[in-house]
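Inspection log for the structure reproduced underneath, given as structure tokens.
Remember, it's a predicted structure, so these values are computed and weren't measured experimentally.
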Amino acid sequence: MFLSRFRVNTARPGARRLLSSPQAMHAAVMSSFPHILPSDSPQPDAPRVLWRLDQRARAEVLLYVVSPDRPDLTHLVEQAGWPAVADADNPGWQTRPYAPLLDRLTVGDRWAFRLTANPVHTIRRKEGEPRKLTAHLTPVHQMGWLLDEKRLKRLGFRVCEKPADRRLLPEGTTHHKRPHFGDRYELAVQDTRSLSFDKSRGSGGRWDKPVTVVIVTFEGRLEVTDPEALRRTLTQGIGRARAYGCGLLTLAPLDQPTHRTS
């Protein structure tokens with residue numbers, strides 16, 4: 001496994017096109033692996049290519065890619081990087097082996113984390129109707145999605161709770177006894193965005209209804225409960241919409257900002 005980081009040159013037209021279309025960005029990321037064909041589907045329960053965009057400022061956008069094989073991002077450098085200053089020593093991106101981090105995970109370790117995900121649930125509006133997949137729209141429900149006990153057990157970690165002296169609300173609830181996860185847990189929703197785009201349908205070139213994906217970026221602190229399960233999480237992703245930049249969880253030492261991934 002490998003972890004790669006590429007800084008996007010937001011001044012270039014090619015970069016703006018990629019940033020405005022998750023489909024175009026996904027295609028560009030997958031083109032970094034010559035042995036993966038567009039018609040290939042990820043194998044279930046196997047490491048896969050995951051990617052995420054982190055925007056620290058308007059002109060500071062980083063693309064992170066986790067992949068089973070070392071990528072070649074030359075085409076991204078030419079389209080959306082700084083090709084004039086690229087050379088053999090600095091091709092325009094950084095790639096390093098992921099195994100050292102994966103191998104050092106042990107029960108009880110604590111890490112800062114960042115995750116971009118697509119928190120969804122199913123609802124039934126009327127009795128007898130089929131259940132419909134719907135996005136969580138409020139921070140409380142989005143955090144509740146991640147904090148689900150069964151989900152966290154599968155993922156191999158728990159989200160750390162704040163010490164009592166750092167909480168503003170008793171037992172992490174409001175005066176109406178409703179949960180306030182941001183006060184109880186070391187967890188915050190840093191960004192929520194809705195992406196709408198057309199999705200092609202089959203070889204006939206027809207178009208389906210526009211697709212809307214709600215993308216949420218979480219930051220917080222976690223404790224490892226099952227190292228093997230967490231390794232799967234880090235290499236296979238979390239939740240839906242992984243083709244649109246969701247699902248990639250990254251870790252950083254607690255004495256560093258969460259966007260400085262290890």
Side-chain angles (χ1 to χ4, degrees), residues 1-8 25-26 29-30 32-33 35-36 42-56 60-73 76 89-118 146-147 151-161 185-188 190-191 216-239 241-243 245-262:
M1 296 297 299
F2 295 89
L3 173 65
S4 303
R5 185 177 71 174
F6 168 74
R7 184 182 173 194
V8 180
M25 181 63 79
H26 180 69
V29 169
M30 299 308 292
S32 306
F33 308 95
H35 66 285
I36 299 179
Q43 295 296 318
D45 300 322
R48 58 179 292 167
V49 177
L50 302 167
W51 62 273
R52 186 184 78 214
L53 287 169
D54 285 1
Q55 184 164 358
R56 305 183 195 173
E60 190 174 359
V61 181
L62 299 175
L63 170 67
Y64 288 98
V65 180
V66 165
S67 56
D69 302 298
R70 184 180 291 272
D72 179 358
L73 303 183
L76 275 173
D89 295 327
N90 180 20
W93 73 91
Q94 299 86 41
T95 295
R96 54 186 172 183
Y98 212 20
L101 172 68
L102 299 176
D103 292 343
R104 67 189 278 199
L105 297 174
T106 57
V107 174
D109 283 352
R110 293 194 170 196
W111 297 84
F113 74 87
R114 174 175 280 197
L115 165 68
T116 294
N118 172 225
L146 181 60
L147 291 166
R151 186 186 313 281
L152 290 179
K153 184 176 181 180
R154 293 196 307 270
L155 299 179
F157 66 88
R158 71 174 187 88
V159 178
C160 300
E161 294 193 23
Y185 293 93
E186 298 276 9
L187 179 65
Q190 294 295 338
D191 183 43
V216 180
T217 298
F218 301 96
E219 287 188 356
R221 296 184 176 191
L222 63 79
E223 180 178 312
V224 181
T225 57
D226 184 337
E228 190 56 37
L230 182 54
R231 291 184 192 103
R232 289 194 300 270
T233 298
L234 292 168
T235 57
Q236 297 178 21
I238 299 173
R242 281 173 271 188
C246 295
L248 175 54
L249 172 73
T250 51
L251 306 180
L254 285 176
D255 58 350
Q256 295 183 16
T258 54
H259 55 250
R260 303 284 186 185
T261 57
S262 293

Is [Y] close to [X] at the side-chain level, that is, under 4.5 Å between some pair of heavy atoms?
X	Y	result
L222	L155	no
M25	L63	yes
L248	V66	yes
L73	P91	no
V224	F157	no
W51	T116	no
W93	D72	yes
L3	L101	no

Kindly give the heavy-atom pair with the smallest separation between [X] and [Y], and that separation in Å.
X	Y	result
L62	R5	CD1-CD, 4.0 Å
W111	P253	CE3-N, 3.8 Å
T95	S4	OG1-OG, 2.7 Å
A112	L254	N-CD2, 3.3 Å

Euclidean distance, [Y] [atom2] relative to [X] [atom1], rounded to 0.5 Å:
X	Y	atom1	atom2	value
F113	E186	CZ	CD	10.0 Å
Q236	L249	CD	CG	13.0 Å
E223	E161	CD	CD	10.5 Å
I238	L115	CD1	CG	4.5 Å
D226	L105	CG	CG	10.5 Å
M1	R48	CE	CZ	11.0 Å

Under 3.5 Å, is there a donor-acceptor pair between the side chain of [X] and the main chain of [Y]?
X	Y	answer
R154	T233	no
T217	Q190	no
R52	R114	yes
T225	G156	yes
R221	C160	no

Go through the steps for F6 and V65 under the test side chain to side chain contact (heavy atoms under 4.5 Å, CB included), then give the verdict.
CA-CA 8 Å; F6 168 74; V65 180; over 6 Å; no
How would you list, by chain and number, every residue that makes a side-chain hydrogen bond (donor to acceptor under 3.5 Å, both in side chains) with S32, sequence neighbours excluded?
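Expected list: none.
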